[in-house]
Amino acid sequence: ERMRTCVLLVAVLAVAPAAVPAPQASDATSVAHASEHLTQQAAGIVAARWGVDASRVRIVWQDSIQDAVGAVALRGAGANGHWVLEVRAPQGVQQARFRAGVTEQVAVAARDLPRGIAIDTADVAWRDTIRWGPPARDPVHPAGWTTRRTLAAGSPLVPPAVAPPVWVRSGDDVTLIVVRGTLELSLAARAAGTGAAGDTIAVRAATGRRLTGTITAPGVVRVNAGR
């Protein structure tokens with residue numbers, strides 16, 4: 001009887017399916033993914049919203065989604081590149097979270113740079129990187145800017161580590177350009193603030209009147225007086 005039981009047990013084990021280990025976090029099956037078709041669609045919609053070429057957009061999926069043919073839309077505000085892709089297909093609605101970014105070149109220090117120097121073109125190198133979220137509105141081209149602290153080679157040359165050159169300092173005599181419609185009047189004035197290109201500062205005209213204008217060139221402040 002004991003021998004018969006052993007034979008039956010061996011037979012059961014021989015036909016039972018082998019145990020399959022649970023997938024680990026590093027297994028491909030546990031990584032969020034989507035088809036190339038949906039990835040390209042997501043990149044195309046994001047590119048149109050950001051006004052860039054779709055080839056510059058990079059997508060990282062946070063949820064897996066099955067490939068399907070249907071109406072595709074983005075959900076969410078896209079803060080820092082976070083979106084939800086929604087696919088409405090005959091078989092149902094799917095949603096998957098993803099993050100988008102753009103490839104761009106960032107200026108970095110080509111060598112160790114001391115504090116307080118004017119950056120020369122030879123001091124600048126360019127490095128390809130991915131910016132997660134929308135592209136920078138005003139990419140920094142730091143040649144001519146000033147270092148505000150010591151920078152090691154490879155450090156990004158972006159504010160506040162670097163700053164544009166100061167074009168007007170408080171107390172400087174400046175040229176004040178007053179614009180009214182199509183007329184321009186050039187006056188002598190004194191700066192009441194310090195700033196770089198595009199900054200808004202206060203100035204005091206020779207008549208004593210205090211005005212606010214925009215720095216447009218070294219020693220030049222432009223005021224729009226309306227029509």
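Any value given below was found using the heavy atoms of this structure, including those in side chains, with hydrogens, waters and symmetry copies removed.
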Exercise: identify the closest heavy-atom pair between I59 and A100: CD1-CB, 3.8 Å

Stepwise side chain to side chain contact (heavy atoms under 4.5 Å, CB included) check, I119 with V124: CA-CA 8 Å; I119 300 171; V124 181; 3.6 Å; yes

Transitive ILVMFWY side-chain link V178 to V168, under 4.5 Å: yes

R58 side-chain N/O to S55 backbone N/O, donor-acceptor pair under 3.5 Å: yes

Spacing of OG1 belonging to T216 relative to CG belonging to D199, to within rounding of 0.5 Å: 12.0 Å

Inter-residue atom distance W132.CH2 - R99.CZ, 0.5 Å rounding: 7.0 Å

Derivation and outcome, side chain to side chain contact (heavy atoms under 4.5 Å, CB included), residues L157 and W145: CA-CA 9 Å; L157 298 178; W145 287 35; over 6 Å; no

Approximate separation, where rounding is to 0.5 Å, of H82 NE2 and R97 CZ: 9.5 Å

Set of residues satisfying salt bridge (Lys or Arg N to Asp or Glu O under 4.0 Å) with respect to R88, sequence neighbours excluded: E86

Distance-minimising heavy-atom pair for A225 and R180: O-NH1, 3.5 Å

Which residues share a side-chain hydrogen bond (donor to acceptor under 3.5 Å, both in side chains) with H37, sequence neighbours left out: D67

Shortest non-hydrogen contact between I65 and A96, atoms and distance: CB-CB, 3.7 Å

R222 side chain to T214 backbone, donor-acceptor under 3.5 Å: no

Distance (rounded to the nearest 0.5 Å) between I117 CD1 and T150 OG1: 9.5 Å

Atom pair NE2 (H141) and OG1 (T121), whose distance is rounded to the nearest 0.5 Å: 13.5 Å

T147 side chain vs P114 backbone, donor-acceptor pair below 3.5 Å: yes

Contact summary for A192 and R210, nearest pair of heavy atoms: CB-NH1, 3.8 Å

Side chain to side chain contact (heavy atoms under 4.5 Å, CB included) evaluation trace for F98 with T39: CA-CA 10 Å; F98 69 91; T39 300; over 6 Å; no

Spatial distance of atom CH2 (W126) from atom CD (E104) [nearest 0.5 Å]: 10.0 Å

Pairs meeting criterion side-chain hydrogen bond (donor to acceptor under 3.5 Å, both in side chains) with involvement of residues 162-175, two or more places apart: D173-R190

Side chain to side chain contact (heavy atoms under 4.5 Å, CB included) between V174 and V203, worked out: CA-CA 8 Å; V174 298; V203 297; 4.3 Å; yes

Within one Ile-Leu-Val-Met-Phe-Trp-Tyr cluster: V72 and V46, side-chain cutoff 4.5 Å: yes

Side chain S155, main chain L151, donor-acceptor under 3.5 Å: no

Donor-acceptor pair, side chain of D112 and main chain of A152, under 3.5 angstrom: no

Closest non-hydrogen atom pair, A110 against A122: CB-O, 3.7 Å

